[in-house]
Amino acid sequence: MDFGQNIHGWVRLTRLGAPGETVTLEYGEALGADGDVNRDHLRPLDFRAPGAFRDAGQVDTVIASGAPGEVFEPRHTTHGFRYVSVQGLAAGLQPGDITGCLVRTDLERIGTFSCSDARLNTLHDIVEWSFLGNSCEVPTDCPQREKAGWTGDWQLFVPTAAYLFDVTGFSRKWLRDVRADQWENGVITNISPSPGPAATSAEFMGFTNGSAGWGDAVVMVPWEVYLASGDAGILAENWEAMQRWLHFVQATAETERHAARAAASAAPAPHERYLWDTGFHFGEWMEPDGPEPDLFAARSADHGIVATAYYRHTTDVMARIAAVLGLDTEAAELADLSHLIRDAWETEYLDFSGSVIQATQANCVRALAFDLVSPEHRPTVTSQLAALIRNAGTHLGTGFLATPYLLPVLADNGQLDLAYELLMQDSEPSWLTMVDRGATTVWELWNGLDANGTPHQSLNHYSKGAVVSFLHRYTAGLRQAPGSAGWERIIIEPRPGAGLASASTSHTGPRGLIQVAWTAAEGAKDGGVLTLTATIPSGTTAEVRLPGAPAAVVGPGHHTFPGATGRGTAQPTLMRSTL
């Protein structure tokens, strides 16, 4: 059975056959060369036996009782699937005999997007499906192989999720799990709710937890939910856990030193006390054409360039959180620490010309996104990033952590056209490769379904889908103003590209519905003459920035901005407003 959509849930089977007849259901996301369900790519690692794999599971077996009207519908398991193989029925199965049941948390939709490009609309759809398939009480990484609440996945995707769905209560509940799992020394477990050593191995659980970018979720998730909701309560609830996490990171940075750095110099340089370069870190997980992920090799690897970046970013975010909570002394101390970490990162990881010494797309993206480099070095790092992308055939080279920041960083540093080239790239690795190969959810790997149709790992992992925030904030042009929370102050600034003729988005924030829609004049391209309409709710102020036109500040009501010109000489803009 092909349900036409990769979902999370189960099936309801109303044809079971004669008493004693055994029916077996195998669930999968892809088909093999023989046309049957393929589960091989979903086999999980056996952490008790490194290098070995376990069976993929996703098999239900039922023995018919023969009772009139008998129905089989599992209640104690869920699966991730598009296809189901039904085996053991004596009589033929009819379409009406089987129903796919989607199982997810009942989240309220609060955001939408559409544009003139059908493939981008499809990309947005598959991202939504992927998230909904991973929102079953906790934010999971995938609904078939692991079903685990990986902290890194949610901190990457929560800004996107919070725009499209009301995830405030959902995140608040999950953060209680995170706090409950936190170790005495402040370490945040990589998965919450944590399965503990009984489900994996005690050694594996012991050395992998506390990875940079994963543990930092205890700071980044509450902050993003606060920005979306305006509710500072979520910051207060998690403040102690944030402090304990930061204390662990700070103590590790100040007292430990990576073996390779110690071998090169017996005495540490003054800036090294601000480098977090020891312990296990996933790093930039699963970069295309990068090294094969090896958890046990990562145990001793030097991921200081990544971990220190998150140390800086988390400290900076905590300074802002302290300010919101009225903790002025703590805010000042955290801001000072954040600046010292930034200086240390720049000292250690930039060369004399201002270029990143470990030259990867991901490291350059983080340098810009996390403000790790001084203003005078930003053009150099931006050029370095652009060159790396061009040298890859205008393909992205980011893995798990940096991908959500890639397009915004390019757009904000004078490379908007390159950002759109990456967005519209349709050869591997790219987002549109997923669309063109028939994906209905986001893949874990960029080659989740390769050119030969062979599946690789999970075909339902939402993290790379964070790219659609670029569609909301840049293509359609709706974002919060700096320093705003709960959508009190917004900026409307469409930044068209890729020949798009129109785009629209909406978001229902705490103050009500915000709508933005623009169309380009016929024949105009990438920032030509735009007509924009915007609906602003009560209690909200909007700054409207259109290409080639002076900014306008407007309040509640419905506003129309006709005929602004783009990327050329500014022309007068007329505004019509109705309350």
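None of these values were measured; they are calculated from a predicted model. Only this structure's heavy atoms are used, side chains among them; waters, hydrogens and symmetry mates stay out.
- Salt bridge absent: Asp316 and Arg342 never bring a charged side-chain N and a carboxylate O closer than 4.0 Å.
- Panel note: side chain Gln425, backbone Thr394; a donor-acceptor pair is recorded below 3.5 Å.
- Side-chain contact check for Cys115 versus Asn121: some heavy-atom pair is nearer than 4.5 Å.
- Counting only distance, with no hydrogens or angles, the side chain of Gln515 and the backbone of Thr535 share no donor-acceptor pair below 3.5 Å.
- Ring-plane geometry between Tyr226 and Trp223 is classed as tilted, the angle between the planes lying from 30 to 60 degrees on a 0 to 90 degree scale.
- The aromatic rings of Trp285 and Phe282 stand perpendicular to each other, their planes meeting at an angle above 60°, with 30° marking the opposite boundary.
- Note that the CG atom of Asp177 and the CD1 atom of Ile191 stand 12.5 Å from one another [nearest 0.5 Å].
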### Task
Just do the side-chain hydrogen bond (donor to acceptor under 3.5 Å, both in side chains) check on Asp181 and Ser194 with the steps written out, would you?
CA-CA 6 Å; Asp181 288 329; Ser194 174; 4.8 Å; no
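- Expressed to the nearest 0.5 Å, how far OG1 of Thr403 lies from CG of Leu156 amounts to 8.5 Å.
- Between the side chain of Trp518 and the backbone N or O of Thr475, at least one donor-acceptor pair lies under 3.5 Å.
- Note that OG of Ser229 is 8.5 Å distant from CG of Leu227, once rounded to the nearest 0.5 Å.
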### Query
side-chain hydrogen bond (donor to acceptor under 3.5 Å, both in side chains) between Gln144 and Ser458: does it pass, once the steps are laid out?
CA-CA 8 Å; Gln144 11 58 12; Ser458 165; 2.8 Å; yes
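- Classified by interplanar angle (parallel below 30°, tilted 30° to 60°, perpendicular above 60°), the ring pair Phe370/His313 is parallel.
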### Task
May I have the step-by-step check of side-chain hydrogen bond (donor to acceptor under 3.5 Å, both in side chains) for Thr314 and Asp216, ending in yes or no?
CA-CA 7 Å; Thr314 282; Asp216 298 284; 2.6 Å; yes
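- Between Val442 and Gly465, the shortest heavy-atom contact is CG1-N, 3.9 Å.
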### Query
Could you walk me through whether Leu432 and Met424 pass the side chain to side chain contact (heavy atoms under 4.5 Å, CB included) check?
CA-CA 7 Å; Leu432 291 187; Met424 302 306 296; 4.1 Å; yes
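- Contact of the Asp436 side chain with the Arg119 side chain is registered, since non-hydrogen atoms from C-beta on lie closer than 4.5 Å.
- Each of Leu410, Leu401, Leu406 was checked for a side-chain contact (heavy atoms from CB on, under 4.5 Å) with Val365, and the lone residue meeting it is Leu406.
- In this structure, the side chains of Tyr310 and Val249 stay at 4.5 Å or more apart for every pair of heavy atoms.
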### Test ring-ring contact (aromatic ring centres under 6.0 Å, His included) applied to Phe113 and Phe470, step by step
CA-CA 11 Å; Phe113 171 84; Phe470 180 84; over 10 Å; no
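- Looking only at side-chain heavy atoms (C-beta outward), Asn413 and Leu385 stay at 4.5 Å or farther from each other.
- Between the side chain of Thr151 and the backbone N or O of Trp214 there is at least one donor-acceptor pair closer than 3.5 Å.
- In terms of modelled atom types and a separation under 3.5 Å, the side chain of Gln415 and the main chain of Thr382 share no donor-acceptor contact.
- With 3.5 Å as the limit, one finds a donor-acceptor pair spanning the side chains of Ser114 and Ser504.
- Remark: the Glu543 side chain and the Thr541 side chain contain no N/O donor-acceptor pair separated by less than 3.5 Å.
- For the pair Gly486 and Pro510, the tightest heavy-atom approach, listed with the atom from each and the gap, is O-CD, 3.4 Å.
- Annotation: side chain of Leu513 is in contact with side chain of Ser506 (closest heavy-atom distance under 4.5 Å).
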### Message
Run the side chain to side chain contact (heavy atoms under 4.5 Å, CB included) test on Glu284 and Asn363 for me, step by step, so that the C-alpha distance in whole Å, both residues' side-chain angles and the decisive distance to 0.1 Å come before the verdict.
### Response
CA-CA 9 Å; Glu284 184 65 19; Asn363 286 334; over 6 Å; no
### Query
Which is it for Ser135 and Thr105 under the side-chain hydrogen bond (donor to acceptor under 3.5 Å, both in side chains) test, yes or no, and what are the steps along the way?
CA-CA 6 Å; Ser135 63; Thr105 298; 5.1 Å; no
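- For the pair Gln361 (side chain) and His395 (backbone), a donor-acceptor distance under 3.5 Å is present.
- Of the possible donor and acceptor atoms, none in the side chain of Glu146 sits under 3.5 Å from a partner among the backbone N and O of Asp141.
- A salt bridge is defined here as a Lys NZ or Arg NE, NH1 or NH2 lying under 4.0 Å from an Asp or Glu carboxylate O, and Asp412 with Arg495 meets this definition.
- Rounding to the nearest 0.5 Å gives a distance of 8.0 Å between OG1 of Thr112 and NE2 of His124.
- Classified by interplanar angle (parallel below 30°, tilted 30° to 60°, perpendicular above 60°), the ring pair His472/Tyr163 is parallel.
- Taking each heavy atom of Leu449 and Leu459 in turn, the nearest pair found is N-CD2, 4.4 Å.
- For Trp443, there are no side chain to side chain donor-acceptor pair (under 3.5 Å) partners, not counting sequence neighbours.
- Side chain of Ser130 to backbone of Val127: no donor-acceptor contact under 3.5 angstrom is found.
- Side chain to side chain, Thr140 and Asn134 meet the donor-acceptor criterion of an N or O pair below 3.5 Å.
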### Query
When you look at Phe170 and Trp154, which way does the ring-ring contact (aromatic ring centres under 6.0 Å, His included) test go after all the steps?
CA-CA 11 Å; Phe170 178 76; Trp154 193 230; 5.7 Å; yes
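- Side-chain contact check for Phe248 versus Val187: some heavy-atom pair is nearer than 4.5 Å.
- Between the His8 side chain and the Gly80 main chain, no donor and acceptor come within less than 3.5 Å of each other.
- Between Trp487 and Gly509 the shortest heavy-atom distance is CD1-CA, 4.4 Å.
- Using a 4.0 Å cut-off between charged side-chain N and carboxylate O, Arg479 and Glu493 make a salt bridge.
- The backbone N or O of Asp371 sits less than 3.5 Å from a side-chain atom of Arg312, completing a donor-acceptor pair.
- Among all heavy-atom pairs drawn from Ala236 and Leu325, the shortest one is N-CD2, 3.9 Å.
- Taking all atoms of both residues into account, the shortest heavy-atom contact from Cys101 to Arg12 is SG-NH2, 3.7 Å.
- Atom CD of Glu330 sits about 13.5 Å away from atom CG of Leu337, to the nearest 0.5 Å.
- No donor-acceptor contact under 3.5 angstrom links the side chains of Ser338 and Thr315, judged on distance only.
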### Message
Pair Phe561, Ile492 - check side chain to side chain contact (heavy atoms under 4.5 Å, CB included), show working.
### Response
CA-CA 11 Å; Phe561 297 80; Ile492 298 173; over 6 Å; no
### Task
Show your reasoning for whether side chain to side chain contact (heavy atoms under 4.5 Å, CB included) applies to Trp174 and Glu137.
CA-CA 8 Å; Trp174 178 75; Glu137 187 64 13; over 6 Å; no
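- Between the CD1 atom of Ile514 and the CG atom of Leu478 there is a distance of 5.5 Å, given to the nearest 0.5 Å.
- Residues Leu530 and Pro496 form a side-chain contact, since some pair of their non-hydrogen atoms from C-beta on lies under 4.5 Å apart.
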